[in-house]
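What you see below is based on every heavy atom in this structure, not just the backbone, and it leaves out hydrogens, waters and symmetry mates. Remember, predicted model here, so these are calculated numbers, not experimental data.
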Amino acid sequence: MDSRVVKVGMTLSTKLNILRAGVLGANDGIISVAGVILGMAGASQDKYYLVLAGLAGMFAGAFSMAGGEYVSVSAQRETQKSVIQLAATRLQENHEFEIERLIGIYQGKGLSRTVAADVVSELMSQNELENYCKEVNNIDVGEYLNPWHAAVSSVISFVVGSLVPLLLITILPAGMMIPMTVIGVALALLLTGAISGVLGHNNVKYAMTRNVVVGLVTMIVTYYIGGLFG
């Protein structure tokens, strides 16, 4: 029973890591490439150059996003391992002190010392390091974040997100190209904002509004900067 519970936790943690990187990647892809395209459109509305700028922004951003996720998650993974190694050293060198520390944690949750001592004794009789790390550091031994999962998820989602402004600017006629791209990007940002709000257990309406405002400001600023050189 215990092993199955741990396994489910590991699967959920991995999925959340992938989803987090995916949502961030899609969001960045939409905003970044929309900003590049609208910035270029402020200078010239030649569709060839707009598509070319969008493609350049898409590939540059995708690899940048993947690299950033890989480095960031790798650092978190190494930190997890270091904390577990430190916990193993503490248990080996100051076992009694760490047992008292655990008893204190359970007393802080409302248990009497006698009950807390019994709970700790039961926990530490099997999988000592795992139970210690879970209670003291909230880390599951062996359940490490995977930087490759985050990198691959972000690069794919960035490309998918960037296709929204890129396809809109490609297929729309010249007269509708700019306003409809802005509307399409805003709708896509509403979706990614809603997903990020749900995943982060935050206010969904606030997350959606924030996403759209950031996207609109980005497009307006880059468009007028492009206009300065047009």
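By the rule that hydrophobic residues join a cluster once side-chain heavy atoms approach within less than 4.5 Å of another member, L191 and V160 end up as members of separate clusters. At a threshold of 4.5 Å between side-chain heavy atoms, the hydrophobic network of Ile, Leu, Val, Met, Phe, Trp and Tyr places V212 and V204 in one connected group. Hydrophobic clustering, with ILVMFWY side chains joined whenever heavy atoms are under 4.5 angstrom apart, groups Y106 together with V115.
Every pair tested for side-chain hydrogen bond (donor to acceptor under 3.5 Å, both in side chains) that includes a residue from residues 154-163 fails, sequence neighbours excluded, so the list is empty. Judged as a salt bridge (charged side-chain N to carboxylate O under 4.0 Å, His left out), the pairs with a partner in residues 104-124 (not counting sequence neighbours) are, in order, E100-R113, K109-E135. Residues in residues 73-99 take part in these salt bridge (charged side-chain N to carboxylate O under 4.0 Å, His left out) pairs, two or more places apart or across chains: E98-R101.
For N127, the side-chain contact (heavy atoms from CB on, under 4.5 Å) partners are E130, N131, not counting sequence neighbours. Applying the side chain to side chain donor-acceptor pair (under 3.5 Å) criterion to T192, with sequence neighbours excluded, gives N27, N211. Judged as a side-chain contact (heavy atoms from CB on, under 4.5 Å), and not counting sequence neighbours, the contacts of K134 are N138, D140. Qualifying side-chain contact (heavy atoms from CB on, under 4.5 Å) partners for Y48, counting only residues two or more places apart in sequence or in other chains: D46, L52. S82 pairs by the side-chain contact (heavy atoms from CB on, under 4.5 Å) definition with nothing, not counting sequence neighbours. Partners of Q76 under the side chain to side chain donor-acceptor pair (under 3.5 Å) rule, at least two apart in sequence or in another chain, do not exist in this structure. For Q80, there are no side chain to side chain donor-acceptor pair (under 3.5 Å) partners two or more places apart in sequence or in a different chain.
A distance-only check finds a donor-acceptor pair linking the side chain of T89 to the backbone of Q85 [under 3.5 Å]. Put simply, the side chain of S153 gets close to the backbone of G22: a donor and an acceptor are under 3.5 Å apart. At distances below 3.5 Å, not a single donor-acceptor pair connects side-chain atoms of S32 with backbone N or O atoms of G29. Using modelled atom types, no side-chain atom of N94 and backbone atom of F97 make a donor-acceptor pair closer than 3.5 Å.
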Under the side chain to side chain contact (heavy atoms under 4.5 Å, CB included) rule, what do T222 and V36 come out as? Steps first, then yes or no, please. CA-CA 7 Å; T222 54; V36 169; over 6 Å; no

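I220 contributes atom CD1, which lies 12.0 Å from atom CD1 of I225 (distance to the nearest 0.5 angstrom). Taken to the nearest 0.5 Å, the CD1 atom of I31 stands 12.5 Å off from the CG atom of L38. Atom CG of L86 and atom SG of C133 lie 9.0 Å apart (nearest 0.5 Å). Note that the OG1 atom of T209 and the NZ atom of K205 stand 9.0 Å from one another [nearest 0.5 Å]. Going from atom CG of L55 over to atom CZ of F59 covers 6.5 Å, rounded to the nearest 0.5 Å.
Residues V33 and F158 form a side-chain contact, since some pair of their non-hydrogen atoms from C-beta on lies under 4.5 Å apart. Using a 4.5 Å heavy-atom cutoff, the side chains of Q107 and I103 are in contact. Within the 4.5 Å cutoff, no side-chain heavy atoms of M208 are placed close to those of L189.
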Donor-acceptor pairs under 3.5 angstrom involving side-chain atoms of residues 164-188: please list them, not counting sequence neighbours.
{"residue": "T170", "atom": "OG1", "partner": "L166", "partner atom": "O", "Å": "2.6"}
{"residue": "T181", "atom": "OG1", "partner": "M177", "partner atom": "O", "Å": "2.5"}

Under 3.5 Å donor-acceptor pairs involving side-chain atoms of residues 60-72, not counting sequence neighbours:
{"residue": "E69", "atom": "OE1", "partner": "R20", "partner atom": "NH2", "Å": "2.9"}
{"residue": "E69", "atom": "OE2", "partner": "R20", "partner atom": "NH1", "Å": "3.4"}

